Amino acid sequence: MSTPARRDEMCDRKRALHMRIGRSRRKIDQRLRAAKDQARQLASWRTYVTRYPGLSLAAAVGAGLAVSAGFRTRRVAPRLGRMLLRQATAAFKSQLWKELRRAWNASDSNHGDSA
């Protein structure tokens with residue numbers, strides 16, 4: 001049979017273990033929510049329009065001019081539109097890779113925390 005002191009010690013250990021598990025779960029949940037929020041932000045077109053308004057405007061103008069090529073017989077507008085669209089797309093790809101690298105590095109630095 002176990003003594004009352006030993007039972008109390010086991011209850012204290014159990015309680016401490018439950019608290020530690022609870023803290024770990026909350027930390028994991030917090031990190032998952034942060035990762036989901038960051039993924040949602042990276043996937044949103046609004047983020048890039050807000051961060052890069054000039055590129056967004058150039059892409060919109062280029063897309064508009066390229067689409068309008070079907071409605072006009074002139075050759076300057078479609079070429080200009082395609083050129084603007086290509087340049088804006090290239091700049092957007094470059095910025096997107098920078099954003100993804102930054103997010104990756106930020107997630108790497110968070111892994112150094114101890115649970």
Side-chain angles (χ1 to χ4, degrees):
M1 291 251 144
S2 62
T3 65
R6 187 165 174 102
R7 266 189 252 131
D8 288 344
E9 181 185 338
M10 289 192 56
C11 284
D12 289 345
R13 282 179 145 178
K14 259 177 136 174
R15 194 174 301 118
L17 184 59
H18 282 288
M19 289 174 63
R20 187 174 173 197
I21 289 170
R23 280 193 301 269
S24 295
R25 282 183 180 166
R26 283 190 296 277
K27 265 187 179 180
I28 290 169
D29 287 345
Q30 207 173 32
R31 287 178 183 170
L32 279 174
R33 275 194 301 275
K36 282 181 185 178
D37 290 345
Q38 190 174 19
R40 194 175 299 120
Q41 189 177 24
L42 284 173
S44 172
W45 61 270
R46 288 179 178 92
T47 300
Y48 298 102
V49 169
T50 304
R51 286 185 188 168
Y52 312 109
L55 287 175
S56 302
L57 182 62
V61 168
L65 288 174
V67 168
S68 72
F71 304 121
R72 295 186 183 165
T73 57
R74 296 182 190 157
R75 294 179 184 242
V76 175
R79 285 184 186 162
L80 179 63
R82 283 191 297 270
M83 181 187 71
L84 275 172
L85 195 56
R86 260 189 246 119
Q87 288 176 352
T89 303
F92 174 75
K93 284 179 188 176
S94 168
Q95 294 298 329
L96 180 63
W97 281 116
K98 286 179 187 176
E99 283 291 321
L100 291 174
R101 252 186 250 115
R102 185 190 60 76
W104 181 264
N105 291 336
S107 71
D108 255 0
S109 66
N110 288 340
H111 285 292
D113 297 344
S114 62

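Computed from a prediction, not measured in an experiment: that's the story for all the values here.
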Working to the nearest 0.5 angstrom, can you tell me the gap between Q38 CD and T47 OG1? 10.5 Å

By the definition side chain to side chain contact (heavy atoms under 4.5 Å, CB included), identify the one residue from M10, E9, R15, K14 that meets it with D12. R15

Taking L42's backbone N and O only, do any of them form a donor-acceptor pair with Y48's side chain (distance below 3.5 Å, no angle check)? yes

Is a side-chain donor or acceptor of S44 paired with a backbone partner of R40 at a separation under 3.5 angstrom? no

Heavy-atom pair with the smallest gap, counting every atom of L55 and F92: CD1-N, 4.3 Å

Do D29 and R26 sit within salt-bridge range, that is, some charged N less than 4.0 Å from a carboxylate O? no

Do Y52 and Q95 pair up side chain to side chain, a donor and an acceptor below 3.5 Å, judged on atom types alone? yes

